[in-house]
Amino acid sequence: MDHIAVEKKWKQIWLDTNEDKFDPEKVDNKYYVLEMFSYPSGSNLHLGHWFNYAPADTFARYKKMCGKEVFQPMGFDAFGLPAENYAIKTGIHPQDSTLKNIATMERQLKDIGAMFNWDSEVITCLPDYYKWTQWIFLQLYKHGLAYRKESPVNWCTSCNTVIANEQVVDGKCERCGGEVTHKNMMQWCLKITDYAEELIDGLDKLDWPEKTKTMQKNWIGKSLGGEVSFPLPDSDKKITVFTTRADTLMGVSYVVLAPEHPWVKELTTPEYAQAVKKYCDEAAKATEIDRLSTVKEKTGQFTGSYCIHPISGKKIPIWIADYCLAGYGTGAVMGVPSHDDRDFAFATKYGLPIQRVIKSADGSPDDLPYTAYGVICNSGEFDGLTTADGKKKILAFLNEKGLGCERVNYRLRDWSVSRQRYWGAPIPIIHCPHCGTVPVPEKDLPVKLPYNVNFTPDGKSPLGKCKEFLETTCPICGEKATRDPDTLDTFVCSSWYFLRYPDNKNSEKPFDTEWIDKMLPVDKYIGGAEHTCMHLLYSRFVTKALRDMGYIHFDEPFTSLIHQGLILGSDGEKMSKSKGNVVNPDDYISKYGSDVFRLYIMFGFSFTDGGPWNDDGLKAIDKFLDRVERLADTTLSKRNDCAHGNYGDAERELDYALNYCIKNVNNDIENFSFNTAVARIMELVNAAYKYESGNPDYKFLYKVICELIKIMAPFVPHFAEELHQRAGFATSVFQESFPVCDESKLVKSQVEIAIQINSKIRGKTLIPTGLSNDEIIELVKNTPSVKTLLGDNIIKKTIVIPGRLINFII
RNA sequence: GCCGAAGUGGUGGAAUUGGCAGACGCGCCGGACUCAAAAUCCGGUGGUAGCGAUAUCGUGUCGGUUCGAGUCCGACCUUCGGCACCA
């Protein structure tokens with residue numbers, strides 16, 4: 001078969017007959033299959049996309065043949081730094097390069113032969129999409145979920161922009177790999193932490209990989225503890241720390257502030273001013289990864305000031321140290337060297353006192369630093385309490401004095417969304433000298449991104465240098481005002497795209513509530529595991545926020561999730577241009593066609609594992625399809641003149657093979673185990689050849705072939721459609737139902753079981769099915785060969801596993 | 001350092017609740033067809049010993065549980081992924 005020509009033919013016919021389109025009338029039976037959309041990069045569609053989209057499409061087509069009204073949309077996550085960095089390098093405008101890349105990738109995506117519902121396409125960089133991204137930002141703002149905050153943020157020196165904590169990978173900028181340092185900036189933040197509790201609880205109900213759920217849970221990082229305040233002498237102020245070990249409070253020998261803590265300056269005595277400033281300057285240069293490195297020795301600097309221990313009233317020295325983070329807890333911690341490894345090292349280095357306040361409960365070794373739970377000692381009235389009791393009692397005691405309370409703390413930080421970049425959705429806020437922060441009225445959306453802008457990075461937002469954009473009038477007072485010069489993090493765009501797909505033409509609203517309630521949640525979401533702590537978390541947050549505003553009425557965006565594995569270069573390394581190990585799928589498509597390539601991708605790799613690329617088996621898949629075609633053509637041509645009509649052993653055997661295949665393929669596709677599904681199909685084809693080499697009834701074989709074509713259709717859609725037509729059908733194979741296993745054909749009268757003696761295999765035997773265990777023992781024991789094996793030995797015990805083995809212990 | 005996953009022939013990868021390890025392929029070997037090659041078809045293919053039936057070893061390493069372990073438990077090694085002074 002000329003795959004290329006056949007594929008072209010069927011793509012056109014499907015287009016003409018609307019074969020791939022979703023029918024809104026059948027929404028009650030909808031099945032929403034969603035693959036993570038692509039970033040339109042300059043390297044276009046690569047193997048990773050194929051590895052995500054081709055198997056996912058097989059799943060989608062299978063679901064369609066199972067009777068579901070499948071909605072499988074596709075789009076582009078089109079804002080982002082690479083286009084802007086590329087523009088800075090080449091002078092090609094981000095919009096131009098992005099739209100060009102999209103056009104190329106759309107063509108390549110169509111090559112996959114996937115049943116994408118192109119009518120629902122979404123492109124995040126177009127005004128009719130980002131209008132609603134801005135709208136969502138405004139709703140979050142109006143509901144108190146967006147706020148501005150001067151805070152230490154990650155500053156990528158290469159992109160000249162702020163990036164979210166969650167986007168920092170190995171101390172580098174996730175997008176560009178540049179160095180990340182810290183800088184204080186006025187930032188728009190989204191209050192994802194308001195949803196921390198529900199984001200954890202909701203995971204239990206989701207059909208997601210356990211690993212992914214665990215990772216999100218750890219990322220959110222709930223910890224139960226308490227706040228403890230250390231009053232400052234001669235002042236109303238007090239330093240508040242968060243601790244999970246309030247039971248060790250009497251062992252505090254110092255308190256540490258983060259270098260960015262707002263009180264550092266005023267707490268530093270003149271004597272230490274110079275040293276403290278130097279220390280803070282150094283800390284600001286270091287990346288968070290450096291600061292938090294376990295390899296690095298802990299450093300700190302005394303401020304010269306003291307605070308008061310809330311119970312003992314003793315003077316406690318106040319230090320600053322970069323291992324204390326401004327963004328976590330209260331930005332201050334108490335140092336208990338006796339019962340914390342890090343504090344112990346710090347105290348030893350700087351000669352601070354080390355006082356035991358916990359001993360082991362059962363007399364087991366408790367050398368300092370002793371970090372396990374135990375019993376309180378050297379703590380006055382609290383002596384003898386267990387760690388668990390002590391935490392509660394001490395916090396309760398402090399609470400009465402107004403110096404402490406129980407508190408839940410989360411590791412998760414609010415989502416910083418301001419970017420000092422050009423290629424993103426403008427933040428729809430106006431800053432008025434009289435009225436302050438004013439949201440752009442919804443009727444004025446979208447706030448359009450201007451085309452002619454100087455976006456060379458120089459530390460300022462490109463939009464801030466564009467007068468026509470920046471200068472405006474205040475919607476409230478009408479006076480001169482300026483627009484917010486920043487753009488939104490692209491993760492904001494992608495945090496709701498799945499809500500736009502089903503209603504992408506809606507110009508009145510981002511989506512119609514009633515309609516979207518019917519279409520969502522996504523039934524199967526397929527994409528990379530690398531998005532676990534960012535996109536997948538943000539999407540859940542936005543969904544919950546919109547629900548609380550009443551715009552949608554479901555709790556979670558993605559009911560079921562699966563991650564595809566990573567396809568590496570043939571050298572086993574991650575594919576990248578710099579390593580020169582990138583494989584271009586187009587070369588394979590033009591040689592073999594997409595059906596062969598799809599099938600190979602699914603057969604040669606484990607979907608969830610991925611692995612290094614090699615094309616050794618590609619030719620074999622091409623041959624396999626030829627083999628199927630030959631058999632099909634022979635059968636089709638002979639089906640009427642070679643029918644003996646007897647249903648004998650040979651027919652029974654092939655029927656068994658067919659139904660065995662059907663049963664397993666159904667199961668395997670549901671489990672995204674495509675490689676074994678293809679193996680079962682190959683077995684059926686082998687069985688059919690074997691049958692054909694005997695005295696075949698071609699009429700019977702024709703029926704089998706027709707079933708085979710349907711089984712193969714989700715994997716090799718064009719190929720199957722072509723054979724389906726040759727088999728005499730006028731309508732698409734995708735109008736057919738996916739074959740269902742006839743269990744009666746799988747019933748066998750005899751089954752082979754293994755004979756074990758003392759758990760070692762000694763032989764095999766055929767026994768009738770349906771016998772009781774005792775009957776099996778009697779039967780097997782008395783067969784001559786087994787009698788010989790057993791000899792005169794006494795059988796102590798016999799174990800029967802029905803259908804599998806019998807084990808004599810002698 | 002913490003968390004998670006993985007480690008199976010020459011190779012990609014299979015193995016329901018613990019139950020015949022290596023499905024299905026690739027590669028290789030042999031055969032058929034052919035003047036020959038290609039294509040196609042058939043057979044073989046974990047190691048070791050043996051002409052052979054067969055025996056024996058074998059799922060990263062070492063132990064354990066069990067009639068029976070790739071699978072469960074403990075310790076360790078290696079690789080990958082994620083997180084990282086979380087107070």
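Residue numbering restarts at 1 for every chain, and letters A, B, ... go by the order of the sequence lines.
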Under-3.5 Å donor-acceptor pair between A:K764 side chain and B:C20 base
yes
Quick one: [X] [atom1] to [N] [atom2], roughly how many Å, whole number?
X	N	atom1	atom2	result
A:I757	B:U54	CD1	P	14 Å
A:E683	B:A14	CD	C1'	10 Å
A:D668	B:G13	CG	P	17 Å

Which part of the nucleic acid, if any, lies within contact of [X], taking any heavy atom under 4.0 Å across all strands shown: a base, the sugar-phosphate backbone alone, or nothing?
X	value
A:F603	base
A:I801	base
A:G610	sugar-phosphate
A:N807	base
A:E752	base
A:N686	sugar-phosphate
A:G604	sugar-phosphate

Does a side-chain N or O of A:R411 approach OP1 or OP2 of B:C83 to a distance below 4.0 Å, or not?
no
Is the distance from OP1 or OP2 of B:C41 to the nearest side-chain N or O of A:R630 less than 4.0 Å?
yes
With [atom1] as the reference atom in both, quote the distance from [N] to [M] in angstrom, rounded to an integer.
N	M	atom1	answer
B:U48	B:U16	P	29 Å
B:A69	B:A21	P	11 Å
B:U78	B:A23	P	32 Å
B:C57	B:G70	P	13 Å
B:A38	B:A53	P	33 Å
B:A84	B:C20	C1'	47 Å
B:C83	B:U71	P	31 Å

So, do A:W319 and A:Y350 have ring centers that fall under 6.0 Å from each other?
yes
Aromatic contact, A:F346 with A:F344 (centres under 6.0 Å)
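Centroid distance A:F346-A:F344: not below 6.0 Å, so no.
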Out of [options], which nucleotide sits closest to the side chain of [X]?
X	options	value
A:V333	B:A87, B:C41, B:C3	B:A87
A:T243	B:A23, B:A87, B:A14	B:A87
A:S759	B:C57, B:A87, B:C67	B:C67
A:R627	B:C41, B:C83, B:C67	B:C41
A:R762	B:A23, B:G68, B:U56	B:U56
A:M215	B:G13, B:A23, B:G82	B:G82
A:Q756	B:A21, B:G19, B:C67	B:G19

